[in-house]
Amino acid sequence: MTSLMDHPSRGETIGYSFSQPTAAPVKEHSFYPYTDNGGSTLGITGSDFAILAGDTRSTSGYNINSRMVPKVFKIGGDDETGEGAHILLSVVGFAADGNALKERLDTVVKMYKYQHGKSMSVGACAQRLSTILYQKRFFPYYVHAILAGLDEEGKGALYSYDPVGSYEREQCRAAGAASSLIMPFLDNQVNFKNQYIPGSGEGHALEPKKAEPLPQETVKQLVRDAFTSAVERHIEVGDHLQVMIITKDGVEEVYHPLKKD
Amino acid sequence: MFIARSEYGKPHPVPPMPLGPTTFSPEGRLFQVEYSLEAIKLGSTAIGVATSEGVILGVEKRVTSTLLEASSVEKIVEIDQHIGCAMSGLQADARNLVEHARVECQNHAFHYAEPLRVESTTQAICDLALRFGESGDDEESVMSRPFGVALLIAGHDEDGPQLYVMAFEHFHARLANLCLPFRYHAEPSGTFYRYDAKAIGSGSEGAQAELQNEYHRSLTLAEAETLVLKTLKQVMEEKLDSKNVQLASVTKENGFRIYNDEQMSQAVAQLGGNQ
């Protein structure tokens, strides 16, 4: 790319005797402000918890920048460790943008508490994150964000976003490099897509299996399975699996090893 | 610039700066702020009573002419679905504050998909009320004087029904000779307090005394309605009828509701029946 750009225009290189020296050719420079740092994230909710997970690999093309760059963050905590936070955010895509977005949302959630004397609800935070993203509609934060917490009834709440702020509350969502590998797995295992009740009928009369909230242990296992599988087939995913589980008792964070190849 | 003396003790050639609205007097007073509270003293009476069921706001309309269309006197306005406001003092000033509060409410709903809390709304209004004498980008003062209006802000949120008063407490306290002038000077407008029941405006002294006697925590909304009307009736110069007073309520179920002609007639008729 660079060598092509640096080449002077043809006429000048050859330098015919009859050619008049022309003005210096316009040199093109380009700057691409985004990088894809790979990695994948995943969120699943249950009746009284929400899980947000992501691998910790950071890549640039075929290079690994670091094996330990977490993608899941506590938002609105009381100190640097995020103690006291009741909202989680995962960001995947361009890591610098993801970090900037995380810092900004964290500030907003803290300011909200000072201004209104109450903690921000996940629903309110979800809407605020959407407006933050849309405010940069023409120079977006290049990330897929997932927000997790507990709603007013104590049920797990998960909101997924596109880079410009469209969002939706869902039961589960995979984002990032291996999202196309993980999402169909979740559709089948969490929402029971393409699963039918045996013997309930023939052909179209076959009754679909109804989705219902899964127990925490099942979900934890699904998350680990999803990532061990993704690591097998995607080079940008690996190293460690960071898992955060939010319940009424607070946030629990654990790391599991993933393949480092 | 500042009054300064040269090295040799001669007076500085630059004349002293004229006292602006935000300049303290040598005694430590802000005259414009004090005068603005005098303006409120001239305002019509407005009363608010908070109960566990909701809040009632009531104002006297001062229909000064038989040719005046009473419905055009608008002293209770909506800020958001869950917040209403009664005013006493310069109506035009109140418009500014109310407009600001409406924008804040809408802005909050846009950003957070939830209604703005009543206290936060009140705080937003008070923030604006304290911005007189401030300079904008073009170095011209945005507002040259403090607002000459007091507001009763009634609303309902997750903390239940609430009533707030903007910038009045110390004016009232001074009238009653309860505190030294200096204490009152220290608080310019832009402060707010939460009340169970509060009267503002020209008849506020008498009205507040009445509220003090009559208010109790187990008041129903209907009883609060009667209390507001009864108190207004006592302090109004004109004879109270359904045209020269205006009521409004804020409840959990219906949010802010301003009484229509029929409801006003009904409320006033009920007052007559009770006495």
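From a predicted model like this one, the values you see are computed outputs, not experimental measurements. Labels below follow one simple rule: chain letters A, B, ... track the order of the sequence lines, proteins then strands, and each chain is numbered from 1.
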Give a yes or no on this: more than 12 heavy atoms of other residues, nucleotides or ligands lie within 6.0 Å of atom CD of A:Glu83. no
Is B:Glu119 close to chain A through its backbone or its side chain, or both, or neither, when contacts mean heavy atoms under 4.5 Å? neither
Proximal component of B:Glu158, with respect to chain A [non-hydrogen, under 4.5 Å]: side chain
Considering residues, nucleotides and ligands other than A:Met111, do more than 12 of their heavy atoms fall under 6.0 Å from its CE? no
For B:Phe110, is there any backbone N or O sitting under 3.5 Å from a side-chain donor or acceptor partner on A:Gln127? yes
Atom OH of B:Tyr259: over 12 foreign heavy atoms under 6.0 Å: yes
Please check if atom NZ in A:Lys155 has more than 12 non-hydrogen atoms from other residues, nucleotides or ligands closer than 6.0 Å. no
Residues, nucleotides or ligands: over 12 heavy atoms within 6.0 Å of B:Arg95 CZ: no
Roughly how far, to the nearest 0.5 Å, is OH of A:Tyr112 from NE2 of B:His111? 13.0 Å
Which region of A:Glu152, side chain (C-beta onward) or backbone (N, CA, C, O), has a non-hydrogen atom less than 4.5 Å from a non-hydrogen atom of chain B, or is it both or neither? neither
Should B:Leu116 and A:His116 count as side-chain neighbours, where that means a heavy-atom distance under 4.5 Å? yes
Mind checking whether B:Glu114 and A:Ser121 have side chains closer than 4.5 Å, heavy atoms only? yes
Please check if atom CD in A:Glu170 has more than 12 non-hydrogen atoms from other residues, nucleotides or ligands closer than 6.0 Å. yes
